[in-house]
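Scroll down for the structure; my scribbles are underneath it.
Keep in mind that what you see is a predicted model, and the values were worked out from it rather than measured. Labels below follow one simple rule: chain letters A, B, ... track the order of the sequence lines, proteins then strands, and each chain is numbered from 1.
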Amino acid sequence: MALGKYEPEKVENKWQDIWNRERAFEVEVDRTRPKYYVLEMFPYPSGKIHMGHVRNYSIGDVVARYKRMRGFNVMHPMGWDAFGLPAENAAIKNNTHPAAWTYQNIAEMRAQLKRMGYSYDWRRELATCRPEYYRWEQLFFLRFFEKGLVYRKKAPVNWCPSCHTVLANEQVEDGLCWRCDSTVEQRELAQWFLRITDYADELLAFLDKMPGWPERVLTMQRNWIGRSVGAHIDFPIEGSKESITVFTTRPDTLYGATFMSLAPEHPLIETLTAGRPEAAAVREFATRIAGMDRIKRAADDLEKEGVFTGAYCVNPLTGARMPIYAANFVLMGYGTGAVMAVPAHDQRDFEFATKYKLPVKVVITPEGETLKVEDLTAAFTDPGLLTDSGPFTGTPSEEAKAAIIEHLVDKGLGKKAVNYRLRDWNISRQRFWGAPIPIVYCETCGAVPVKPEDLPVTLPEDAQLPADGRSPLPGLESFTKVACPVCGKQARRETDTMDTFVESSWYFLRYACRDKTDGPLDAEALAYWLPVDQYIGGIEHAILHLLYSRFFVKALRDEGWHKLDEPFHNLLTQGMVLKDGTKMSKSKGNVVDPASMIARFGADAVRLFILFASPPEKDLDWSDAGIEGAYRFLNRLWRLVEEFVSGLGPVCAPVAPCAEPGSLALSAKAKELRRKEHDTVRRVSRDIETSFQFNTVIAAVMELVNDLYLTKDSLRETEDGRFVLSSALSSALCVLSPVTPHICEELWGALGQAGRLVDQPWPAHSEAALSTDEALVVVQVNGKVRGRMTAPTGASTETLQALALAAPNVGSHVEGKTVVKVIVIPDKLVNIVVR
RNA sequence: GCCCGGGUGGCGGAAUUGGUAGACGCCAGGGACUUAAAAUCCCUUGCUCCUCGUGGGUGUGCCGGUUCGAGUCCGGCCCCGGGCACCA
């Protein structure tokens, strides 16, 4: 049989058709088999797939195909994160509807993914913009509303003037919109929030039980949640019944609090200054600071600045009068927006006190030292012993924290408190192309939830999008005019839609429930398939998507939808695909289009290169020479099989991977190739299993192929040689098949092997086949390599020592010196130490 | 500033528990085949010195340490990437 020329497109189309026809990757719940859920982050359907997708999905596909061969019931789904702003912009530009643009892109990208030969169960495909999907999200919203997990409040929110919408805190990076890099403004708006902070403790605690996630991501989530333990302490305001509550992590320094700093936005500022001569200056200051943009206000070189309000409060323990300041460095969004200032032990307070000549009082000293106020050049922030602190003087500061809180509790002046950096998740978006929030505003009944039986609230399909980018929904009477679900009077529908991160917070659950049409989730299917065993995606979602999803899963669990605590057991964050050392971008003109590479070299070569060039976690620099090398290797493999089947065909029946030779006696050369074959299987299995190091997996197979080239001409002469050649070739195809499935499947068939390669079990190497009669032993003198020798495997220390001393080139380094000692590592190394 | 990663040939990258540094690929050079070229197959390839060998020296960011032996372990630096950052 002649194979002819390697034509990737032909081979790849053929096998994709066959897998499709034979439903090779469609799976169902099967409790008799262990399951494995491999998931890659689903793409936004922007038009075409890019190299980042190719990398992400190729990694996932190797895992899926490998686990399949290992006997797992593998679920490997794909879908579309289909709501989002680009669809609106494109619709405006092309005078079409976002849905039309989105569905067209999905069709194009689906075809591209199919062209890559990924082993998806396409029946599970979903698009989040379909009412069949988002209707369930609206149902979740109603349940959360009922429970109080979603609420509406007027709050200062992040506004992107270019996207015409608000953003969650997680979506603001350095004061800029994560999507368009515009400077984010602060606006006061009524918005819907999800109480993610209710889960802050659990979200944090579970991070310690997630060894399958990269440490980096865990750290980023810990930082983002930002739990700190301290106290709320009340400071009575002089001449008022009210008091100011502060949050502090340093209750031990309370005796040193000498003034009070409030955020310029603090609600008490107005009342404190009312009728005072300072009022005008304070208002002017507060307005100026509040009006500053985020970046400027957060800059590290921003000078501390403040104004005296004219009012005083009282230190609850010392009774000292503390002037109340409005200060630019105090944030309304953290703690209570009020800070007890302890200038001796907080650097910011120290700088502020120095600038405004406020009193400084030392209350903590390093052990065995005294600290004088006049000697301080910076705040002393380390732990130490309390001084000048009434009954607590002499107590170690760490102990004093609890003791002082206890004291405050007794007197009703404060309590222990935990504070988080994490804020509730603002999910309202003033956009059109998103899931409508199922709420109706009635003049008499207020914000009323839509009745569950009236779901879904669907997006109008005939909406014309205004050219200025604003949502058309508020102006669409057909959408907004609705009867109040409670009183029936005319009311107005909510026109905000949900953040698209809500859709991506549960899509991985829905994949497992594709048959469920009368509800969002099928608890039994979830119990079998979830959690996701291996999740793969970009590090850019370390906080956003990965934190929201964790929260959403917990919230759904507590609503009784399933019993899962965490959605993603193992997480792999793959690196970026670069070109010439930088991110690919249209403006730099360095974009490599996967489609053109597939057309030139085929999907297998693209998969091979992208997996070979770098380990998955690292960034990968696209190289045109590299992909040619990958293509060259596939041709080399092809020709090897071609030569094998045309030259040895009649005399050599196909042999299974890692076949046992039985009574067949193997020559030394045949044994050597067999050893290489088994070692390759061993290395490939280990590298996939322990670390997904596909680059070394491929290198190992390349080595085996190189060896096959070097030995084939002599081994083909004998029966044992042909046997070993056939086995080795089968093994090579078998273990390479998750990486380049099409060519391997074709060559497997060409060898005359029965069945589909895709259904083969993963080969198992035999330890016996790895053993050798002779070992290469390195001879060192004083740690430097001076020679190499072969010695019988298992040779004794004495034998190796003698052989080493007699080895060529060793004598001259030992001659005239005293051998002090000899270190022998059996079968490996002899180190002769001389003086 | 704090917290994570990471520094290995011309390049991408390998190196189980400390045991031959540079696997595999790219690039480059040489040979075979060919009328020729392409393709292919084979070989060489860290740097350096010489007497060209089974040779010597040197080499994994820098300095030091532990060890018979360090890319790997320890201490101290330098550089690069990422995250967080007036968070009270």
- Item | Strand RNA chain B in bracket notation, Watson-Crick/G-U under 3.5 Å with | for pairs to another chain | (((((((..(((......[....))).(((((.......))))).(((((..).))))..(((((..]....))))))))))))....

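Within the nucleic acid shown, A:Arg835 has no heavy atom closer than 4.0 Å to any nucleic acid atom. Within the nucleic acid shown, A:Val822 has no heavy atom closer than 4.0 Å to any nucleic acid atom. Residue A:Arg216 is classed as a sugar-phosphate contact, given heavy-atom separations below 4.0 Å to backbone atoms only. Residue-level contact check: A:His813 touches the backbone only, with heavy atoms under 4.0 Å from sugar-phosphate atoms and none from bases. When heavy atoms are screened at a 4.0 angstrom cut-off, A:Val339 is found touching base atoms of the nucleic acid. Residue A:Gln347 is classed as having no contact, given no heavy-atom separation below 4.0 Å to the nucleic acid.
A search for salt bridge (charged side-chain N to carboxylate O under 4.0 Å, His left out) contacts involving A:Lys712 returns A:Glu643, not counting sequence neighbours. With sequence neighbours excluded, the residues forming a ring pair (Phe, Tyr, Trp, His ring centres under 6.0 Å) with A:Phe692 are A:Phe694, listed by chain and number. Every residue two or more places apart in sequence or in another chain that forms a side-chain contact (heavy atoms from CB on, under 4.5 Å) with A:Arg250 is listed here: A:Thr248, A:Asp252, A:Thr253, A:Ile364, A:Lys401. Applying the side-chain contact (heavy atoms from CB on, under 4.5 Å) criterion to A:Ala804, with sequence neighbours excluded, gives A:Val779, A:Met789, A:Val830, A:Ile832. With sequence neighbours excluded, the residues satisfying side-chain contact (heavy atoms from CB on, under 4.5 Å) with A:Ile543 are A:Glu170, A:Met220, A:Trp224, A:Leu547. In this structure, A:His813 has no ring pair (Phe, Tyr, Trp, His ring centres under 6.0 Å) partners at least two apart in sequence or on a different chain. The side-chain contact (heavy atoms from CB on, under 4.5 Å) check on A:Lys828 picks up A:Ile825, with sequence neighbours excluded. Residues satisfying the ring pair (Phe, Tyr, Trp, His ring centres under 6.0 Å) criterion with A:Phe601, sequence neighbours excluded, are A:Tyr631.
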- Item | Protein-to-nucleotide contact annotation, 5' to 3' order, nucleotides 40-51 of chain B [B base; S sugar-phosphate only; - none; under 4.0 Å, heavy atom] | SSSS--------

Output a table of nitrogen or oxygen pairs between the protein and nucleotides 65-67 of chain B separated by less than 3.5 Å.
none

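Applying the 4.0 Å criterion to OP1 and OP2 of B:A15, one finds that A:Gln693 has a side-chain N or O inside that range. The side chain of A:Arg222 contributes no N or O atom lying less than 4.0 Å from OP1 or OP2 of B:G83.
Listed by first then second residue, pairs satisfying salt bridge (Lys or Arg N to Asp or Glu O under 4.0 Å) with a partner in residues 216-234 of chain A read A:Asp201-A:Arg227, A:Asp208-A:Arg222, A:Glu215-A:Arg222, not counting sequence neighbours.
A cation-pi arrangement is absent between A:Arg421 and A:Tyr334 under the rule of less than 6.0 angstrom and at most 45 degrees off the ring axis.
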